[in-house]
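The analysis underlying the following values was restricted to heavy atoms, covering all of them including side chains, and did not include hydrogens, waters or symmetry mates. So that the names make sense, note that chain A is the first sequence line, chain B the second, and so on, each numbered from 1. Note that this is a predicted model, so its numbers are computed, not measured.
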Amino acid sequence: MPRRHGPAQGPRATHIVSHCGGRRPGTCPSHRTIVALTRSLAIAPGEGIMSDEKLPARQEDFNEWYNQIVVRAELADYAPVRGCMVVRPYGWALWENITAALDRRFKATGHLNAGFPMFIPKSFLEREKEHVEGFSPELAVVTIGGGEVLEEPLVVRPTSETIIGHMYAKWIKSYRDLPVLINLWNSVVRWEKRTKLFLRTTEFYWQEGHTAHATADEAEAETRRMLDVYVDFAVNDAAIPVIPGLKSQTEKFAGAQRSYSIEAMMGDGKALQSGTSHNLGDNFARAFNIQYLDAQNVLQFCSTTSWGLSTRFIGAIIMVHGDDTGLILPPKLAPYQVVVVPIYKNDDERSLVLGEVDRLAGELGDLRVTIDRREGLTPGFKFNEWEMRGVPLRLELGPRDIAGQSVTLARRDRPGKSGKTSVPRQGLAAHIGEALADIQASLYDRALEARRARTHEPKDFAEFAQVVEQGFAFSWWCGRSECEAEIQEKTKATTRCIPFDQPSGSGACIHCGQTSQSKAIFARAY
RNA sequence: CGGGGUGUAGCGCAGUUGGUAGCGCACCGCGUUUGGGACGCGGGGGUCGGCGGUUCAAGUCCGCCCACCCCGACCA
């Protein structure tokens with residue numbers, strides 16, 4: 001590929017905005033087919049097909065499809081700092097709806113929000129052995145402050161377990177202080193080698209819950225309870241089917257005793273860990289002396305947990321629901337649930353239509369509605385743009401609709417003209433409410449069906465290797481790290497989780513043949 | 001960190017044998033358009049990644065540096 005980056009802007013921005021610009025189809029491999037096609041139809045290249053206006057087909061180039069959607073839908077853009085992203089208002093509105101949906105659930109389970117500093121003394125990280133081993137390769141370290149070399153370097157938080165540990169040790173004295181249930185909404189920094197908007201950026205936004213409990217059982221219950229919260233959110237608000245389960249030893253959080261995750265299948269069959277919950281046992285309690293006196297006046301270590309869900313989840317929404325036309329947002333999280341496109345030819349029609357559009361929008365008070373009043377753009381352009389940006393429902397209102405006392409309704413889950421119906425103006429609000437609920441449900445059903453179609457239970461390792469190229473394998477696994485490493489080397493697939501939902505009995509490990517007590521989900525992962 | 005590649009307008013690119021920088025899109029203005037990605041005319045926009053060298057003259061030739069991209073090893 002020729003150069004696709006510029007020094008001043010996001011280096012990858014160029015790459016993302018258009019893989020070849022579409023202007024020189026002859027020099028771009030991806031366009032040769034199109035060019036050949038147009039030639040055979042005796043149309044000059046570029047005359048009949050505006051290739052740069054279309055997204056790449058998911059099947060052709062899923063990666064490029066994703067990159068273009070993120071930028072063109074104005075969810076995010078590349079920051080001038082390598083690996084960092086700017087979340088644009090449309091993307092942030094989506095994130096706000098996600099945070100609201102989660103925060104509501106956190107409050108309902110008794111958690112309180114707090115703010116912790118982004119700088120952590122470097123020595124804190126070193127207190128827990130596994131933790132420092134896991135995180136030191138990706139730390140950003142501050143060595144100078146106010147022009148002077150710091151006595152102790154500060155790390156920019158990659159996660160807050162250590163500073164939480166320090167403070168909890170200070171706050172917790174008695175069993176009467178427990179449990180402590182705190183959540184943080186913040187951003188963290190991990191110096192990743194290879195980044196991708198939303199999925200893996202140097203800095204990302206998330207929530208991290210941190211709790212301390214009197215007993216190991218309570219901590220385990222909390223860990224599982226918050227994983228359930230993530231499942232509930234993913235399924236009911238994001239319309240994303242997820243598989244909750246236990247992480248393998250190699251996949252678990254650095255410093256945790258046990259990690260759980262929810263795993264989702266993306267549109268290309270790869271897996272995305274979409275949320276995690278960790279039982280930290282007494283690892284951090286011992287490292288930071290988080291101790292309390294129990295009712296018998298005996299000093300005990302706390303058991304702690306942590307759990308997080310990040311802006312990565314936006315990547316999941318994009319890759320689970322999106323189609324070749326662009327983004328499809330689940331109605332419950334969409335920044336705009338309804339977009340109204342007014343249609344008119346002259347000033348008279350314009351005032352007629354806009355007046356009606358205002359009345360109509362007024363009736364939809366409970367919904368998130370936007371009216372596209374932009375001048376100088378054809379309705380057709382607006383249809384395509386809002387479909388690309390994933391608005392679940394579009395209302396088209398022009399003179400014809402007004403004359404017929406009706407409104408044209410277009411469902412995003414059925415793109416193009418096929419998703420259009422004309423509905424009576426009377427009772428529109430109720431109709432729209434039903435349509436949104438229906439879209440929400442159908443997105444989930446569609447995603448679940450897509451996952452089913454690509455989830456297999458291979459007979460042998462040869463079939464296993466084949467199915468994980470484009471989907472999930474649900475297979476007996478011995479649980480040994482060495483075995484997992486060999487599988488990864490041979491197939492690029494890793495265990496995603498050991499689902500809670502297990503068949504009874506035992507079986508032979510898909511790779512080494514050892515008798516195994518449980519089956520794992522294997523897949524290539526983001 | 002290893003291997004490969006690329007830096008020219010916001011983006012995609014062209015720039016011949018060295019002769020003082022151009023095209024498309026986007027942007028701005030005006031007009032005609034507007035029910036599935038409109039068109040015409042006019043206009044603004046550049047330390048050619050940086051530094052140094054060769055030369056009467058460097059986007060172009062030479063050297064060094066920087067940045068970024070792709071592929072691998074590591075990851076919410």
Pi-cation contact, Phe472(A) with Arg451(A) (under 6.0 Å, within 45°): no
At 4.0 Å (heavy atoms only), tell me whether Lys247(A) reaches a base, stays on the sugar-phosphate, or touches nothing. nothing
Find the partner of C27(B): check Watson-Crick (N1-N3 plus N6-O4 or O6-N4) and G-U wobble (N1-O2, O6-N3) distances, both under 3.5 Å, and reply none if neither fits. G43(B)
Spacing of Gln68(A) atom CD relative to C11(B) atom P, expressed in whole Å: 15 Å
Return the residues of residues 388-397 of chain A meeting this criterion: a heavy atom under 4.0 Å from some atom of RNA chain B. Order them by number, or give none. Arg394(A), Glu396(A)
Would the base of G37(B) count as contacting Glu385(A) through its side chain, where contact means a donor and an acceptor less than 3.5 Å apart? no
Check every strand shown and say whether Thr408(A) touches a base, only sugar-phosphate, or nothing at a heavy-atom separation below 4.0 Å. base
Ring-plane angle category for Trp477(A) and Phe522(A), please: parallel below 30°, perpendicular beyond 60°, tilted otherwise. perpendicular
Angle class for the Phe62(A)/Tyr526(A) ring planes (parallel below 30°, perpendicular above 60°, tilted otherwise)? tilted
Considering only the P atoms, how many Å lie between G59(B) and U54(B), rounded to the nearest integer? 16 Å
Answer for the Watson-Crick or wobble partner of G35(B), both distances under 3.5 Å, is none
P atom, G22(B) versus U55(B): distance in rounded Å? 29 Å
Under a 4.5 Å cut-off applied to non-hydrogen side-chain atoms, are Ile69(A) and Trp65(A) in contact? yes
Quick one: label Asp401(A) by what it contacts on the DNA or RNA (base, sugar-phosphate, nothing), any heavy atom closer than 4.0 Å. base
Of Glu375(A) and Tyr526(A), whose nearest nucleotide on RNA chain B comes first from the 5' end? Glu375(A)
Would you indicate what Ser310(A) reaches in the nucleic acid, counting non-hydrogen atoms under 4.0 angstrom: base, sugar-phosphate, or nothing? base
Counting any heavy atom closer than 4.0 Å, what does Gly308(A) reach on the DNA or RNA strands: base, sugar-phosphate only, or nothing? nothing
Could you pick out which residue, Lys345(A) or Thr201(A), lies toward the 5' side of RNA chain B when each is mapped onto its nearest nucleotide? Lys345(A)
Less than 3.5 Å between a donor and an acceptor, one on the side chain of Lys420(A) and one on the base of G35(B), is that the case here? no
Starting at atom CG of Leu139(A), determine the distance to atom C1' of C75(B), rounded to an integer number of angstrom. 13 Å
Tell me the partner of U17(B), counting only Watson-Crick (N1-N3 plus N6-O4 or O6-N4) or G-U wobble (N1-O2 and O6-N3) with both under 3.5 Å; none if nothing fits. none
Could you list, one pair per line, each protein nitrogen or oxygen that sits under 3.5 Å from a nitrogen or oxygen of nucleotides 71-74 of chain B, together with the distance?
{"residue": "C71(B)", "atom": "OP2", "partner": "Arg194(A)", "partner atom": "NH2", "Å": "2.4"}
{"residue": "G72(B)", "atom": "OP2", "partner": "Arg194(A)", "partner atom": "NH1", "Å": "3.2"}

Can you label the angle between the His111(A) ring and the Phe106(A) ring as parallel, tilted or perpendicular, going by 30° and 60°? perpendicular
Partner of G7(B) under the Watson-Crick or G-U wobble criteria, both distances under 3.5 Å, comes out as C66(B)
Reckon Leu309(A) touches a base, only the sugar-phosphate, or nothing at all at heavy-atom distances under 4.0 Å? nothing
With a non-hydrogen cut-off below 4.0 angstrom, is Pro158(A) in contact with a base, only sugar-phosphate, or nothing? nothing
Just checking Gly275(A): base, sugar-phosphate only, or nothing, at a heavy-atom cut-off of under 4.0 Å? nothing
